[in-house]
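Take a look at the structure set out below.
Proteins come first, then strands; the chains are lettered A, B, ... in the order of their sequence lines, and each starts at number 1. Being a predicted model, the structure only gives us computed values, none of them experimental.
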Amino acid sequence: MDETSEVIRRRHEKARALADEDIDLYPNDFKVSHTVEAVRKHIDQLADAVDGTAMFAMAGRIVGLRSFGKAAFFHFRDYTGQLQAYVKQDEIGRQPYALFKQFDVGDFIGIKGVVFQTKTGEWTLLAKEIRLLCKAIRPLPEKFHGLRDPEKRYRQRYLDLVMNPNVRDIFIKRAHIVQAFRNFFLERSFMEVETPMMQPIPGGAEATPFETFHDALGMGLFLRIAPELYLKRLVIGGFDRVFEINRSFRNEGVSSQHNPEFTMLEFYQAYATHKDLMSLTEEMFGFVTQQVLGETHFKYQENTIDMTGPWRRLTLKDALIELGGIDPSILDDRERLLDFAGSQGIEIRKAKRVGKILAKLFDVLVEPKLIEPTFVVDYPVEISPLARRNSSDPNITERFELFIGGREIANGFSELNDPVDQRRRFLDQVANREAGDQESHYMDEDYVMALEYGMPPTAGEGVGIDRFVMLLTNAASIREVILFPQLKRTGQQKK
RNA sequence: GGGCCGUUAGCUCAACUAGGCAGAGCAGCUGACUCUUAAUCAGGAGGUUAUAGGUUCGAUUCCUAUACGGCCCA
């Protein structure tokens, strides 16, 4: 369809005409002396810019063009910003100006020139020389409305980034967020590591994994659903403070809240407890928010959220009673819980145990109400197979989850380092799996063996980076904060 | 997996409720124009209406299926 498009055909013809004039359409020998940002700084600080004697060699993409008979203004953009340029025949000569007339919005150009102020006061580069650096064959989307079609924005994110400055800002902010987390841990003597994404036994979360196959080893492998068990092996190996910021993969539905690959921060600290991590978490999110936004509160959708700690802490059961409206007397009664769930229209599949039912009720009834940062603690042991039991109540674990803006943002706990209990917990998970719960943990004897060599008392936590980026960028969909979100392939790509 | 909505020119959108020659702005093209900034003025061009069927004298419009996307629910 595109091939018959008038606009594209014209561009091809133009490119051919330029090539016939011995113009290189894709040269790479232009040397840039200044970015847009550097020129603006130069103007502020040095007189030679103002008196028009300083020469600048600049390059970028033409993003808007206003052409007259023998002169033209255009804006061009590099990665630091956008600047207006003024080209006139009197300055560059007849032949070069005739060539310049063949340039289009979307082309990359290199200009050498001096700066001046137009009568409206806008600093502008007056071209002494202008060269084509790359001829664009396809036209950019409409200049005023930009690119709106969500499908096109995701499939051709490069166009989205060229046309929509707010989208560009989201991903710049995302980079700053990740950098701020990284700095936070590096300042505290944590070591950044990379652990396997291809694992023989997927562990560290309750989720369905992707499967793949290694031909040479003749071995099935899973894409990791979490890095947890490998990071704890590193603590066993003597790296007392480690963190990893990287992708995990879960073979589940795609929605505005879920992408099959997503980014998690996980960190582990020896000789710390879940309570230490809760304090660290308050500090960490406060730090990152301050670094990125310059303040510790922000607006997310309808709500204003303040990240200043300390945050509210409540137990899972109290949350269910207070915010979920559940009668305290039924919390340990599986049948009555199922009845209650049914009365609320909440479907509980398979023969789930009390802990699972409580978690499900919490997801539906409580989670959306936790707008301000809130820690929920005291999770049942049967849904926390890797967490240390609470010293005073063996049925609950030393675990917390952090909720902000009605979503789970982090999950942390004191780690279970008793290998005997760990094996029992795995066996319990295996029984669940055999009872039909496909998300239950696998038995991982290799990990139990590692624990048998001794893991120091440790606490660890995982943070959903994409979700946190959504909060700080006020994004309603996870696709707005992932550069290339997963989409179905189109008919053309199918083969 | 289910429900609702969408897909029309390179891009942004009309033509809906009532089936009757598919329109506009931007981009592109031709011409004019050496301080414009969504430049302006004049002219001309651009379409397999997502795909495949059906109903009809006639379908962008009504019906069915499919593909892709969005929102909501599970």
Side-chain angles (χ1 to χ4, degrees), chain A residues 1-15 17 62-77 82-94 96-98 100-107 115-127 135-160 162-165 208 251-259 301 341-342 344-350 360-361 363-364 368 475-480 485-494:
Chain A
M1 202 174 2
D2 281 345
E3 278 37 72
T4 64
S5 150
E6 174 76 17
V7 183
I8 292 169
R9 225 172 42 235
R10 292 282 193 179
R11 289 281 183 103
H12 273 295
E13 284 166 13
K14 221 181 248 189
I62 299 175
V63 291
L65 178 62
R66 297 168 294 283
S67 181
F68 307 90
K70 298 184 177 67
F73 285 91
F74 66 85
H75 279 93
F76 68 100
R77 190 191 295 160
Q82 189 168 301
L83 190 71
Q84 179 168 257
Y86 185 37
V87 186
K88 50 180 182 175
Q89 185 173 289
D90 290 355
E91 287 288 343
I92 65 170
R94 281 180 70 95
Y97 194 78
F100 165 73
K101 291 284 251 185
Q102 299 301 303
F103 296 178
D104 293 294
V105 171
D107 291 352
V115 292
F116 74 105
Q117 265 179 308
T118 64
K119 68 179 182 189
T120 59
E122 181 168 355
W123 282 101
T124 300
L125 185 67
L126 174 64
K135 186 67 193 164
I137 297 303
R138 288 175 186 266
L140 292 177
E142 202 247 13
K143 62 184 171 186
F144 190 58
H145 296 95
L147 184 65
R148 292 271 179 79
D149 178 9
E151 182 172 357
K152 219 170 172 67
R153 285 183 49 228
Y154 300 147
R155 288 195 197 280
Q156 296 180 271
R157 183 69 92 179
Y158 47 92
L159 287 181
D160 196 24
V162 171
M163 299 311 298
N164 298 324
T208 308
N251 202 345
E252 293 158 3
V254 176
S255 77
S256 63
Q257 305 303 316
H258 297 275
N259 197 62
Q301 311 294 42
Q344 299 289 310
I346 300 165
E347 188 196 345
I348 309 279
R349 283 168 297 179
K350 299 279 156 88
K360 179 71 188 170
L361 290 171
D363 285 352
V364 177
S477 166
I478 197 170
R479 296 181 201 104
E480 295 298 334
Q486 197 64 50
L487 300 177
K488 284 195 187 180
R489 57 187 169 184
T490 59
Q492 277 183 329
Q493 292 167 314
K494 232 176 251 179

| Worked check of side-chain contact (heavy atoms from CB on, under 4.5 Å) between A:Tyr86 and A:Phe116 | CA-CA 10 Å; A:Tyr86 185 37; A:Phe116 74 105; 3.6 Å; yes
Using atom [atom1] in both nucleotides, what's the gap between [N] and [M] to the nearest angstrom?
N      : M      : atom1 : answer
B:rG25 : B:rC71 : P     : 32 Å
B:rA65 : B:rG2  : P     : 12 Å
B:rC57 : B:rG19 : P     : 15 Å
B:rA22 : B:rC29 : C1'   : 22 Å
B:rG58 : B:rC21 : P     : 15 Å
B:rC16 : B:rC35 : P     : 45 Å
B:rA38 : B:rA27 : P     : 12 Å
B:rG6  : B:rU37 : P     : 39 Å

Under 3.5 Å on both distances, the Watson-Crick or G-U partner of [N]:
N      : answer
B:rU64 : B:rA52
B:rA59 : none
B:rU17 : none
B:rA9  : none
B:rU36 : none
B:rU30 : B:rA42

- prompt: Between the side-chain atoms of A:Glu122 and the base atoms of B:rU37, is any donor-acceptor pair under 3.5 Å?
  reply: yes
Please determine whether any donor N or O and acceptor N or O are separated by less than 3.5 Å between the side chain of A:Ser67 and the base of B:rU36. no
Given atom [atom1] of [X] and atom [atom2] of [N], what is their separation to the nearest angstrom?
X        : N      : atom1 : atom2 : result
A:Glu91  : B:rC35 : CD    : C1'   : 13 Å
A:Gln257 : B:rG70 : CD    : P     : 13 Å
A:Arg9   : B:rA27 : CZ    : C1'   : 15 Å
A:Ile137 : B:rG10 : CD1   : P     : 16 Å
A:Leu125 : B:rC35 : CG    : C1'   : 15 Å
A:Gln486 : B:rG69 : CD    : C1'   : 14 Å
A:Asp363 : B:rC73 : CG    : P     : 14 Å
A:Asn164 : B:rC11 : CG    : C1'   : 12 Å

Indicate yes or no: at least one non-hydrogen side-chain atom of A:Leu65 is less than 4.5 angstrom from one of A:Phe103. no
Does a side-chain heavy-atom distance below 4.5 Å link A:Arg489 with A:Arg155?
no
Note: for A:Leu65 and A:Arg148 on RNA chain B, the residue whose nearest nucleotide lies more 5' is A:Arg148
On RNA chain B, more 5' by nearest nucleotide between A:Asp90 and A:His75 is A:Asp90
Listed nucleotide nearest any side-chain atom of [X], set [options]:
X        : options                : value
A:Thr118 : B:rG10, B:rU37, B:rU12 : B:rU37
A:Pro150 : B:rC11, B:rG28, B:rG70 : B:rG70
A:Lys88  : B:rU34, B:rC11, B:rC68 : B:rU34
A:Glu142 : B:rU34, B:rG28, B:rG25 : B:rG25
A:Val7   : B:rC35, B:rC11, B:rG28 : B:rG28
A:Arg10  : B:rC33, B:rG28, B:rA38 : B:rG28
A:Ser256 : B:rU36, B:rC71, B:rU34 : B:rC71
A:Thr120 : B:rA27, B:rG69, B:rU36 : B:rU36

Is there a donor-acceptor pair closer than 3.5 Å between any side-chain N or O of A:Asn259 and the backbone N or O of A:Gln486?
yes
Strictly distance-based, threshold 3.5 Å: is any side-chain N or O of A:Thr120 a donor or acceptor partner for the main-chain N or O of A:Thr118?
no
Does [N] have OP1 or OP2 under 4.0 Å away from a side-chain N or O of [X]?
X        : N      : result
A:Arg66  : B:rU36 : no
A:Lys143 : B:rA27 : yes
A:Lys488 : B:rC68 : yes
A:Lys14  : B:rC29 : yes
A:Arg479 : B:rG70 : yes
A:Ser477 : B:rG70 : no
A:Lys152 : B:rC11 : yes

Can we say [X] and [Y] salt-bridge, meaning some charged N sits less than 4.0 Å from an Asp/Glu carboxylate O?
X        : Y        : result
A:Arg157 : A:Asp160 : yes
A:Arg153 : A:Glu480 : yes
A:Lys135 : A:Asp104 : yes

Counting any heavy atom closer than 4.0 Å, what does [X] reach on the DNA or RNA strands: base, sugar-phosphate only, or nothing?
X        : answer
A:Gly146 : sugar-phosphate
A:Phe74  : nothing
A:Leu140 : nothing
A:Phe116 : base

So, A:Gln156 versus A:Tyr158: side-chain donor-acceptor pair below 3.5 Å or not?
yes
_Between the base of B:rU36 and the ring of A:Phe73 - centre-to-centre under 5.5 Å, planes within under 30° - is that a stack?_
yes
